[in-house]
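Labels below follow one simple rule: chain letters A, B, ... track the order of the sequence lines, proteins then strands, and each chain is numbered from 1.
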2 protein chains.
Amino acid sequence: MWETENHSTIRLDEVDLKIIRQLQSNARITNKDLAAQLNLTTTPIYERVKRLEKMGVINSYVALINPVKVGKGLMALCMVRLEKHTKDKLAAFEKHVANIPEVVECYHLAGQYDYHLKILVRDMNTFQDFIVNKLSTNENLANVQSSFVMSKITDTTAIPMLRNS
Amino acid sequence: MWETENHSTIRLDEVDLKIIRQLQSNARITNKDLAAQLNLTTTPIYERVKRLEKMGVINSYVALINPVKVGKGLMALCMVRLEKHTKDKLAAFEKHVANIPEVVECYHLAGQYDYHLKILVRDMNTFQDFIVNKLSTNENLANVQSSFVMSKITDTTAIPMLRNS
DNA sequence: CGTGAAACGGAGTTAGC
DNA sequence: GCTAACTCCGTTTCACG
């Protein structure tokens with residue numbers, strides 16, 4: 001529940017939530033503008049933002065780049081199954097994947113597959129190079145089921161900040 | 001190729017790439033600091049950043065929030081297959097999904113499944129509510145294969161800015 | 001927790017090469 | 001395309017309610 005703070009969840013009031021919503025859509029909004037929207041002065045905004053940063057609610061501020069404009073025309077999703085699931089085999093695979101720059105996302109899963117990977121490459125040729133020369137050099141890999149992104153319906157880094165859900 | 005500019009890819013020199021790399025890891029770095037790192041003054045940095053924004057290379061600046069700290073303890077990935085693939089049925093499903101706030105990612109896929117969804121919710125109860133009351137209210141949905149994220153090995157918004165791949 | 005004002009530094013502009 | 005210098009405005013701090 002939002003009301004009952006556990007080890008990791010942090011108590012945030014309406015003003016905090018509004019600050020977070022704004023910063024999630026525009027990290028460069030000024031404290032002055034935020035203050036005006038929230039009928040406050042800049043000082044409390046400044047202090048609340050600093051507090052959210054220190055608490056780790058705000059992890060970082062980043063620029064989002066259009067992948068197509070920088071030559072990354074192909075996004076692929078790979079569902080990976082491994083041969084063996086011993087602790088050190090899992091760790092080895094994770095270390096392997098963490099060192100492949102094309103992998104922008106790698107999640108360890110509970111479910112039908114072991115890992116989910118998101119890959120950003122120039123085209124299908126570079127994807128093949130990724131599969132053959134980079135991913136499948138791990139000996140513990142059993143099989144990979146790849147899908148290719150044709151269009152993005154939703155693609156946001158903003159966490160839905162609702163009171164429920 | 002990086003050298004041959006097509007309709008969407010933009011010619012970027014070393015300085016542009018370094019600016020992009022920095023802004024991808026810290027959107028709030030000052031032009032002054034960027035200038036110092038690149039042995040330039042602030043004016044060219046300022047103009048290059050503005051140019052990258054206008055060209056759509058830089059899409060936006062956002063704050064990244066720790067989902068756990070704001071009560072989103074469960075990330076799920078859903079692979080969705082639809083019953084019928086007519087143009088209007090696809091559009092209807094996409095419109096349906098675009099209106100569900102828990103869906104932070106929805107990609108139309110080429111491959112074994114039709115859509116990939118990334119879901120952020122509080123816990124398994126709210127996930128069930130998402131599946132039963134929000135996702136599967138679309139009549140064209142055939143089946144959903146859900147996986148749950150146990151850990152994140154890599155999770156970056158930064159596009160690998162290498163000369164190859 | 002909030003206001004208001006002061007000190008400081010970066011954003012944005014302009015002239016010149 | 002770059003430097004240097006300037007103006008302006010937001011950030012940051014602090015005294016105070």
Is there a side-chain contact between [X] and [Y] (heavy atoms, below 4.5 Å)?
X	Y	answer
B/Arg122	B/Lys72	no
A/Gln145	A/Gln112	no
B/Leu90	B/Tyr115	yes

In whole Å, I'd like the distance from the [atom1] atom of [X] to the [atom2] atom of [N].
X	N	atom1	atom2	answer
B/Ile19	C/dA11	CD1	C1'	15 Å
B/Ile29	D/dT11	CD1	P	17 Å
B/Arg28	C/dA11	CZ	C1'	14 Å

Q. If pairs are Watson-Crick or G-U with both distances under 3.5 Å, what is the dot-bracket string of DNA chain C, marking crossing pairs with [ ] and pairs to another strand with |?
A. .|||||.||||||||||
Q.
Apply side chain to side chain contact (heavy atoms under 4.5 Å, CB included) to residues A/Lys118 and A/Leu77 and explain how you reach the verdict.
A. CA-CA 5 Å; A/Lys118 183 188 284 184; A/Leu77 304 178; 3.8 Å; yes
**Q.** Rounded distance in Å between the C1' positions of C/dG9 and D/dA15
**A.** 22 Å
(Q) Is there a path of hydrophobic side-chain contacts, each under 4.5 Å between heavy atoms, that joins B/Ile159 and B/Leu64? (A) no
Q) Is there a donor in the side chain of B/Asp129 and an acceptor in the side chain of B/Thr126, or the other way round, less than 3.5 Å apart? A) no
Q: Look at the side chain of B/Ser136 and the backbone N and O of B/Ile131, then say whether any donor-acceptor pair between them is shorter than 3.5 Å.
A: yes
Q) Checking side chain to side chain donor-acceptor pair (under 3.5 Å) against A/Gln37, which of A/Gln22, A/Lys32, A/Lys18 comes through? A) A/Gln22
**Q.** Given A/His108, A/His85, A/Arg81, the one that forms side chain to side chain donor-acceptor pair (under 3.5 Å) with A/Asp114
**A.** A/His85
Q) Do any of residues 30-38 of chain B sit with a heavy atom less than 4.0 Å from DNA chain C, and if so which? A) B/Thr30, B/Asn31, B/Lys32
Q: Kindly state which residues belonging to residues 39-56 of chain B come within less than 4.0 angstrom of DNA chain C, counting heavy atoms of the residue only, listed by number.
A: B/Thr43, B/Tyr46, B/Lys50
Q.
What I want to find out is whether B/Lys50 reaches B/Glu47 closely enough, with some N-O distance under 4.0 Å, to be called a salt bridge.
A. no
